[in-house]
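Below you'll find the structure, written out as structure tokens, and then a few comments.
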Amino acid sequence: MVNSTQSEQLEQIAASHKEELDRLRSELETMSIHSVEKKVEELSSAHAVELENLRGELEASAVGEVERARTEAEQERTSAVEAVSNQLKESHAEEIERVK
């Protein structure tokens, strides 16, 4: 049978265990919150780096596309100028032949 002293000791032990469990629970919650915050910060940082890399790739791609379009337009212009120049030369040669 349990006497009053033993009962008080058991109550004190139970209260002490409850306090320790509450402390551990609070500590675990704090650690979990800290871990989540740290992971969010890591992921945000990685996301920012990835976005910056993608932005750089997109800009490089756009610059490459502009250069390709510029080169193509220059080739088309050169080809058109050569065609007109050849037509003028042929026309001029024909005119010279008629005049002779």
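Worth saying up front: this structure is predicted, and the values here are computed from it rather than measured. We number each residue from 1, following the sequence as shown.
Summarising the geometry, atom CZ belonging to Arg77 is positioned 10.0 Å from atom CD belonging to Glu82; distances are rounded to the nearest 0.5 Å. Here the straight-line distance linking atom CD of Glu11 with atom NZ of Lys18 works out to 14.0 Å at 0.5 Å rounding. One finds the CG atom of Leu54 at 11.5 Å from the OG atom of Ser61 (value rounded to the nearest 0.5 Å). Distance check: Glu95 CD to Leu88 CG gives 11.5 Å after rounding to the nearest 0.5 Å. The CD atom of Glu37 lies 9.0 Å from the CD atom of Glu41; values are rounded to the nearest 0.5 Å. Here the straight-line distance linking atom CD of Gln75 with atom OG1 of Thr78 works out to 7.5 Å at 0.5 Å rounding.
Distance alone, capped at 3.5 Å, is enough to place a donor-acceptor pair between the Ser44 side chain and the Val40 backbone. Ser16 contributes no side-chain N or O that, together with a main-chain N or O of Gln12, makes up a donor-acceptor pair within less than 3.5 Å. Without hydrogens or angle criteria, Glu8 side chain to Thr5 main chain gives no donor-acceptor distance under 3.5 Å.
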The test is side chain to side chain contact (heavy atoms under 4.5 Å, CB included); show your working for Glu97 and Glu94 and say whether it passes.
CA-CA 5 Å; Glu97 284 300 316; Glu94 290 172 2; 5.6 Å; no

The test is side chain to side chain contact (heavy atoms under 4.5 Å, CB included); show your working for His92 and Lys89 and say whether it passes.
CA-CA 5 Å; His92 184 67; Lys89 285 178 186 177; 5.6 Å; no

Please step through salt bridge (charged side-chain N to carboxylate O under 4.0 Å, His left out) for the pair Glu27 and Arg23, ending with a clear verdict.
CA-CA 6 Å; Glu27 188 176 308; Arg23 185 190 67 75; 2.8 Å; yes

Check the pair Arg25, Asp22 against side chain to side chain contact (heavy atoms under 4.5 Å, CB included), reporting the backbone distance first and the verdict last.
CA-CA 5 Å; Arg25 187 174 292 119; Asp22 289 344; 3.3 Å; yes

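For Arg70, the salt bridge (charged side-chain N to carboxylate O under 4.0 Å, His left out) partners at least two apart in sequence or on another chain are Glu67. Residues passing the side-chain hydrogen bond (donor to acceptor under 3.5 Å, both in side chains) test with Glu42: none are found, sequence neighbours excluded. With sequence neighbours left out, Glu52 forms a side-chain hydrogen bond (donor to acceptor under 3.5 Å, both in side chains) with Arg55.
Remark: Glu50 CD is loosely packed, at most 12 non-hydrogen atoms of other residues, nucleotides or ligands lying under 6.0 Å away.
Glu65 places a side-chain heavy atom less than 4.5 Å from the side chain of Arg68.
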